[in-house]
Amino acid sequence: MASEPTVLQAEHFPPARALRRPVVPSVILGTLILVATEVMFFAGLVSAFLIGKAGAVGWPPVGQPRAPAGSTAVNTVVLLASGAVLYLAERALKRGRAPAVTVGLVAAALALGTAFVALQGWEWARLVWFGLTMRSSSYGAFFYLVVGLHALHAAAALVALAVAGLRLSTGSLSREAFRAIQVFWYFVVAVWPILYVLVYLL
Amino acid sequence: MTTRRPALGVLAATLVAPAEALACSSCSYGTGNGMMVYLATAAFMGVLPLAMVAALALWLRRRVRACRTEEAEGDAVPARPLSSVSSPPHEAMSGPLM
């Protein structure tokens with residue numbers, strides 16, 4: 001007489017492993033790689049600027065206006081404040097605060113970042129009026145190249161931040177995507193003080 | 001093969017006339033300050049990517065260790081022993097899976 005086969009029950013097996021999550025979400029890893037390439041990009045620009053400045057007889061050249069360090073210092077504080085506000089937004093999201101709080105903080109960071117870009121544009125208009133253009137001297141060319149490319153990165157990050165704010169308000173933004181946008185904005189904020197010191201102060 | 005001859009020609013020219021390599025306006029500024037800044041920025045540009053890759057690798061290593069710790073804690077619950085199956089002992093050891 002054949003014996004009944006042993007029927008193994010579920011409790012005899014180890015607990016089923018949950019679907020393994022990636023070590024680093026792809027969107028964050030991709031953003032980190034992008035930031036690394038942009039860091040090298042700005043490092044190359046800064047190197048070229050420093051070499052050009054070292055070989056110049058006078059800096060800024062005679063007849064060229066100096067970059068406005070005082071008003072740009074205020075602008076730098078505005079940009080740093082936007083980074084701090086975005087950090088507070090991330091903390092509010094992590095602690096499960098009301099969505100309106102997080103969206104409000106993201107909107108505040110967006111407003112501060114927009115104010116930074118707008119003030120930079122206003123300062124540029126004044127500098128062009130006073131004779132500093134890309135073709136007036138190597139000083140002007142480097143100034144608009146370095147500061148302009150940073151402003152371009154800031155503008156792109158602001159667009160991403162605006163999209164994040166909109167999706168947060170509808171509850172359709174994942175935490176990983178928000179963190180990726182944060183990383184890129186932190187990069188824009190962190191690189192500016194270095195450019196400010198090198199281009200405006202030294 | 002088509003690029004080997006021009007490359008050898010460039011290498012030969014560099015070996016024969018090294019002074020012309022200093023025609024670069026960035027590398028061979030008349031002032032010593034320009035040369036120092038060039039060397040410093042060249043060194044910085046060489047070290048910076050290595051530092052970023054090393055930092056990323058260290059951070060990924062920490063993340064992998066943290067994930068492995070989490071998975072190990074999740075697998076720490078043991079399975080129930082086979083002897084707890086409700087069947088005669090001699091049949092529990094001779095099933096089709098044994």
Side-chain angles (χ1 to χ4, degrees), chain A residues 1-26 28-59 138 142 146 176 179 183 187 190-191 194 198 202, chain B residues 24-53 55-56 59-68 70-72 74-98:
Chain A
M1 181 173 162
S3 59
E4 291 290 327
T6 303
V7 178
L8 294 174
Q9 306 296 323
E11 60 265 22
H12 297 106
F13 293 93
R17 245 183 217 187
L19 189 65
R20 296 177 79 176
R21 58 184 176 86
V23 173
V24 178
S26 301
I28 294 176
L29 186 60
T31 306
L32 286 173
I33 293 171
L34 171 67
V35 166
T37 60
E38 296 301 308
V39 166
M40 290 308 300
F41 176 62
F42 276 103
L45 285 177
V46 166
S47 294
F49 169 77
L50 290 174
I51 292 171
K53 181 182 169 185
V57 175
W59 197 266
S138 60
F142 273 121
V146 173
E176 289 81 17
R179 181 62 67 90
V183 166
F187 157 71
V191 85
I194 300 169
L198 290 174
L202 294 183
Chain B
C24 172
S25 60
S26 292
C27 313
S28 60
Y29 263 116
T31 62
N33 193 32
M35 178 64 83
M36 289 304 297
V37 170
Y38 168 73
L39 291 174
T41 54
F44 175 70
M45 291 288 287
V47 167
L48 183 62
L50 297 175
M52 284 197 294
V53 168
L56 184 65
W59 179 68
L60 283 173
R61 188 179 168 204
R62 282 178 59 186
R63 292 279 305 174
V64 166
R65 284 185 174 178
C67 286
R68 282 181 180 170
E70 283 180 23
E71 285 179 0
D75 292 343
V77 179
R80 288 179 58 187
L82 200 58
S83 59
S84 64
V85 174
S86 55
S87 63
H90 66 275
E91 286 186 355
M93 294 301 293
S94 60
L97 297 179
M98 295 306 246

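Residue numbers begin at 1 in each chain, while the letters A, B, ... track the order of the sequences.
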Q) Given that the side chain runs from C-beta out, which part of Met45(B) has a heavy atom under 4.5 Å from chain A: side chain, backbone, both or neither? A)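 Both backbone and side chain.
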Q: Write down the atom of Leu50(A), the atom of Thr41(B), and the distance for their closest heavy-atom approach.
A: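 That closest heavy-atom pairing would be CD1-CG2, 4.2 Å.
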Q. Which atom names give the shortest non-hydrogen contact between Leu48(B) and Val39(A), and what distance separates them?
A.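 In this case the closest contact between Leu48(B) and Val39(A) is CD2-CG1, 3.9 Å.
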Q: State, yes or no, whether a side-chain contact exists between Trp59(B) and Val24(A) at a heavy-atom distance under 4.5 Å.
A: yes
Q. Looking at residues at least two apart in the chain, or sitting in another chain, which of them share a salt bridge (Lys or Arg N to Asp or Glu O under 4.0 Å) with Arg179(A)?
A. Glu90(A)
Q | Pairwise distance CD1(Ile28(A)) to CZ(Arg63(B)) - rounded to 0.5 angstrom | A | 7.5 Å
Q | Pairwise distance CE(Met36(B)) to CD1(Ile51(A)) - rounded to 0.5 angstrom | A |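 Here the rounded value is 12.5 Å.
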(Q) By the side-chain hydrogen bond (donor to acceptor under 3.5 Å, both in side chains) test, which pairs, at least two apart or in different chains, include something from residues 31-49 of chain A? (A) Glu38(A)-His153(A)
**Q.** Proximity breakdown for Leu32(A) and chain B, heavy-atom pairs closer than 4.5 Å
**A.**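 Contact with chain B is through the side chain of Leu32(A) alone.
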